[in-house]
A.B. asks: 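First the structure, then my questions, so here it is.
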Amino acid sequence: MIITEKTAASSCSTTINSFPGLEQQPLKQMLLQLQAKFRVVKWIVLLSVLTVLLSLAVYYLASLVQPLPLPLQQMSRFSAFVPPVIAAKQRLNNTDNIEAEDRRNLARVLREAATKEKTVIVMIMNQAWAEPNSMFDVFLEGFRIGIGTERLLRHVVVVCLDDKAYTRCLEVLPRRCFFLKTTGVDFSSEKRFMVPDYLKMMWRRTEFLGSLLKLGYNFLFTDMDTIWLRDPFPRFVADADFQIACDVFFNGNHSDTSNSANGGFKFVISNRRTIDFYNYWYESRLRFPGENEQDVLNRIKDDQYVKKIGLKMRFLDMTHVGNFCQRDWDITKVCVMHGNCCIGQDNKVKDLRQMLEDWTNFVSNGNGKGGFGQPMNCRRS
Ligand SMILES: *[C@@H]1O[C@H](CO)[C@@H](O)[C@H](O)[C@H]1NC(C)=O
Ligand SMILES: *[C@@H]1O[C@H](CO)[C@@H](O)[C@H](O)[C@H]1NC(C)=O
C-alpha cells in the first residue's frame, strides 16, 4: 500500500518535469542561471562558516596554551599607569615594577615579618586611611582586643602608597612598612569606588601581590577596613592554593566558583600555579577595561586557562570572614569583619568602632550573650 503510493508520487513528479507541453525555454534558462548563482553563494557561505570555525578553534587552543597575548593598542590605553616598556621588562624579573633599592628594603621587611613558613599578612595604606583616629587605628585596635590576634601583628607588612602613609606607618609599626612607589599617580586621597585612580590602585595591588608570590612568600592579604577579632588562620585548609572571602553570599560549597569573590581578604600560597594565576589575572585587566580586579576575578575564575594550570580555589565561609553586606552575624564565630557595602571613610570608621564596642561588651559579659548591632551609618550611606 505504502510502496504503491511512493511509486505513484515519484512517477508523478517525473511526469510533470518531463511533460513536453510545460517546457518553456526562457523560464528554464532563468532557472539554470539561478541555480548557478545559488551554487556560488552556497560555496561562499560554506567557506565563511569554515573560516569562522577555524579561527574559533585556534583562539580556543591558544587560550589553553597561554594567557591571551596583549595587543599593543590595548596596552597603550594603560600607558599612564604601566608604561608598556616597564610591562614588557617586568616579565623578565622577579619583583615587578620595583626599583633595586626598594627591592632590598622589601626583602628586609618580608624577611623580618614572615612566619617560619614564609607567610606574611599584607595590607595597603594611603594617606587618607593613615591619619590618626582613622582606619589604621581602628584596624590596629581590632588586633589588640581580638582573641589571639595581637601576636599576629608582628607578621603584618604595611604597604604604603604615599609619603604621609609611610611616615605614619614608621611611627606605629617601625620595620613593618614598605613604600610602594608608582610614578605619575597620586594615591594619597580617599578613593571613591571606581574612579580611575582607584582602579589603578587596585591593579597596582594585584601586581604587587603577584610579586610577593614570585619572591616565595605566601600572603594573607587584608583590606584595612577590617577588624580582626579571632585568628583566621585555623579557617584555611592546607590543600588549597587561593582562599578568598565571599562578597554577598556563601552557598555552603567551598569549591563552588559560583560564589562571588571578595578581593579584600585572601590567603594565597606561593607556588607555580598561583604565580601563573596572578600573571593571568593582572593581564586580564586589558581584556576588561574599566573593571576592578574583583570584577575581573569573578569573570576569569572559570576560565579554561585557570583550570589548565590546576589552581585550587576555595571560598571562605561568611560566618568566619563576614562583612557589612550581611544582615546578621554570629559573634561567637566571626574572625574578621569587613566594613564594605559602605560609602565614605567616616561612616566606615564609626560603624567599625561601634562593632569593636559590641565586641568588647560581648567579651566582658563572659556569658556568650550579646551580638553586633547594624552598621547604621553605612546602611544610610
Ligand atoms: C632582576 O632583578 C635583579 C635584582 O633582584 C637584578 O639583578 C636583575 O638584573 C634583574 N633582571 C632583569 C632582567 O631586569
Ligand atoms: C561543590 O562545587 C563543586 C564545583 O562546582 C562540585 O563539583 C561539587 O560537586 C560541589 N559539592 C557539593 C557537595 O555540592
Side-chain angles (χ1 to χ4, degrees), residues 56-57 59-68 117 119 122 202-203 205-206 209-210 212-213 218-223 226 228 230-288 291-338 340-341:
L56 277 179
Y59 183 81
Y60 175 77
L61 285 176
S63 81
L64 280 184
V65 177
Q66 57 175 28
L68 296 175
E117 297 85 14
T119 298
V122 181
M202 289 298 163
W203 284 113
R205 173 175 114 174
T206 304
L209 293 174
L212 295 188
L213 297 174
N218 320 310
F219 63 81
L220 170 47
F221 174 82
T222 180
D223 269 353
T226 52
W228 290 41
R230 291 186 181 85
D231 180 357
F233 280 95
R235 302 294 154 201
F236 303 132
V237 300
D239 70 342
D241 299 317
F242 180 91
Q243 307 185 56
I244 187 161
C246 290
D247 204 24
V248 280
F249 180 69
F250 171 64
N251 69 11
N253 183 344
H254 291 284
S255 55
D256 187 350
T257 47
S258 67
N259 287 303
S260 69
N262 182 320
F265 189 89
K266 55 203 173 242
F267 180 53
V268 187
I269 299 291
S270 163
N271 61 33
R272 191 68 251 162
R273 294 183 294 275
T274 54
I275 291 171
D276 286 348
F277 176 66
Y278 262 78
N279 282 338
Y280 182 68
W281 185 4
Y282 185 63
E283 292 185 5
S284 295
R285 78 192 186 286
L286 302 172
R287 278 198 287 149
F288 305 104
E291 296 193 21
N292 70 18
E293 30 72 77
Q294 179 173 309
D295 293 338
V296 171
L297 170 65
N298 279 314
R299 285 175 178 278
I300 66 170
K301 63 192 176 185
D302 280 321
D303 279 7
Q304 274 305 318
Y305 178 76
V306 177
K307 295 202 176 85
K308 184 188 152 258
I309 60 178
L311 182 86
K312 285 181 223 114
M313 195 181 287
R314 181 173 178 269
F315 294 85
L316 299 166
D317 193 332
M318 293 183 84
T319 311
H320 302 120
V321 183
N323 64 47
F324 281 5
C325 305
Q326 287 168 284
R327 292 283 147 172
D328 56 80
W329 307 267
D330 185 347
I331 200 170
T332 67
K333 297 209 176 85
V334 70
C335 298
V336 174
M337 178 72 81
H338 185 188
N340 62 349
C341 281

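Every value quoted in this text rests on a predicted model; they were computed, and no experiment measured them. Counting starts at 1 for both ligands and their atoms, in listed order.
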A.B. asks: With under 30° as parallel and over 60° as perpendicular, where do the rings of Phe250 and His254 fit, or are they tilted in between?
C.D. replies: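 Geometry flag for His254 against Phe250: tilted rings.
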A.B. asks: Taking the side chain as every heavy atom from C-beta outward, state whether Arg205 and Asp223 have any atom pair closer than 4.5 Å.
C.D. replies: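 Side-chain contact under 4.5 Å: yes.
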A.B. asks: Step by step, work out the salt bridge (Lys or Arg N to Asp or Glu O under 4.0 Å) result for Asp276 and Arg272.
C.D. replies: CA-CA 6 Å; Asp276 286 348; Arg272 191 68 251 162; 2.9 Å; yes
A.B. asks: Any side-chain heavy-atom pair from Val268 and Phe277 closer than 4.5 angstrom?
C.D. replies: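 The answer is no, as the side chains (C-beta and beyond) never meet within the 4.5 Å cut-off.
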A.B. asks: Sort out the contact shell of ligand 2: every protein residue with a heavy-atom distance below 4.0 Å, listed by chain and number.
C.D. replies: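 Asn253, Ser255, Asp256.
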A.B. asks: Mind checking whether Phe267 and Thr119 have side chains closer than 4.5 Å, heavy atoms only?
C.D. replies: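 Yes. Closest side-chain heavy atoms under 4.5 Å.
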A.B. asks: Apply side chain to side chain contact (heavy atoms under 4.5 Å, CB included) to Cys335 and Arg235, showing your working.
C.D. replies: CA-CA 9 Å; Cys335 298; Arg235 302 294 154 201; 4.0 Å; yes
